[in-house]
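Heads up: the structure comes next, in structure tokens.
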Amino acid sequence: MTSIKHNLQQVQQRISAAAAQCGRCPQEITLLAVSKTKPASAIEEAVAAGQHCFGENYVQEGVDKIQLLANPDLVWHFIGPLQSNKSRLVAENFDWCHTVDRLRIAERLSQQRPDPLPPLNVLIQINISAEQSKSGIMLAELPALAQQIAALPRLKLRGLMAIPAPQDDYASQLAVCQQMAAAFKQLQQQYPGVDTLSLGMSDDMDAAIAAGSNMVRIGTAIFGARDYVSAAATHNN
Ligand SMILES: *Cc1c(COP(=O)(O)O)cnc(C)c1O
């Protein structure tokens, strides 16, 4: 067994255990394998082990892998900060964008989404820990932005995404994740197409799942540590 296959099984087991802990069905929870900085060969190993959903943070790097692998069975999620001048590449190549946090970028993605493709699935990013330096909107801004995005023809509003500030105790993690889950449920009542809460990484996955997350984003535990030095040299987002 390759180490990526082994790691994927371990992560799936963690998801199953976390789901069992709170009486949820593990099939409700999608594992997004975060492959940023990793070569296409690593993604191929994960695909061979049954993984289909991949997350990328850097536009050009992600597009290169999407085009190289050219596998219609794979589902590609853009999960990095998005600048306006890169929106076209996301609209043309990815299936999902998790980091929509302003109308301007949503409008561009909608305009730039090619007609033959289905609408781009989008998540609104929430700055749930209200960190100065982080992207995402405040929860108070959500109703207005959701309404504007839902009206755009080539986007499909699917839900919410957040990257909570790291906290090492479970109770604090759970409290933040529950705030996200409450906002998600409220959004779902207004927009029937909303079905995805992208929340939970390696360190807060258990709390995220207990709160109701149905998409967790895991990189290192699947692909191993990233080499940020060479990664930074080969892309500037
Ligand atoms: C890198 C990244 C992840 C995965 O992080 P790991 O620590 O490697 O599991 C998840 N979500 C986002 C938004 C990321 O940028």
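Atoms within each ligand, like the ligands themselves, are counted from 1 in listed order. For the numbers below, each heavy atom of this structure counts, side chains included, while hydrogens, waters and symmetry mates do not. Count residues from 1 along the sequence.
Annotation: salt bridge (Lys or Arg N to Asp or Glu O under 4.0 Å) contacts involving residues 195-217, sequence neighbours excluded, comprise R158-D195.
Aromatic ring orientation, F94 versus W76: perpendicular (interplanar angle above 60°, classes split at 30° and 60°).
Heavy atoms of R217 found under 4.0 angstrom from ligand 1 belong to the backbone as well as the side chain.
Residue-ligand proximity, I79 to ligand 1, at heavy-atom distances under 4.0 Å covers atoms 11 (N), 12 (C), 13 (C), 14 (C). Short contacts between ligand 1 and I218, defined as distances under 4.0 Å to a heavy atom of the residue, involve ligand atoms 9 (O). Under a 4.0 Å criterion applied to the non-hydrogen atoms of I163, ligand 1 contributes the atoms 13 (C). Residue contact check: K36 has heavy atoms under 4.0 Å from atoms 1 (C), 2 (C), 3 (C), 14 (C), 15 (O) of ligand 1. Within the listing of ligand 1, atoms 3 (C), 5 (O), 10 (C), 11 (N) sit less than 4.0 angstrom from a heavy atom of M201. Residue-ligand proximity, S202 to ligand 1, at heavy-atom distances under 4.0 Å covers atoms 9 (O). Listed by atom number, the atoms of ligand 1 under 4.0 Å from N57 heavy atoms are 14 (C), 15 (O).
The line from CZ of R154 to CG of D115 is 5.0 Å long, rounded to the nearest 0.5 Å. Here the OG1 atom belonging to T196 is positioned 5.5 Å from the CG atom belonging to N214, to the nearest 0.5 angstrom.
In this structure, H98 falls outside the shell of residues with a heavy atom less than 4.0 angstrom from ligand 1.
Between K5 and E45, none of the side-chain N atoms (NZ, or NE/NH1/NH2) sits under 4.0 Å from a carboxylate O, so this pair counts as no salt bridge.
At a 3.5 angstrom cut-off on N or O pairs, M161 does not count as close to ligand 1.
Between the side chain of E61 and the main chain of Y58, no donor-acceptor pair closer than 3.5 Å is present.
Closest approach of C177 and A207 over heavy atoms only: CB-O, 4.0 Å.
Proximity annotation for atom 7 (O) of ligand 1: of I222, T99, V34, T220, T220 comes nearest, heavy atoms only.
Each of Q67, K65, E56 was evaluated against N93; a single residue qualifies, Q67, per the side chain to side chain donor-acceptor pair (under 3.5 Å) test.
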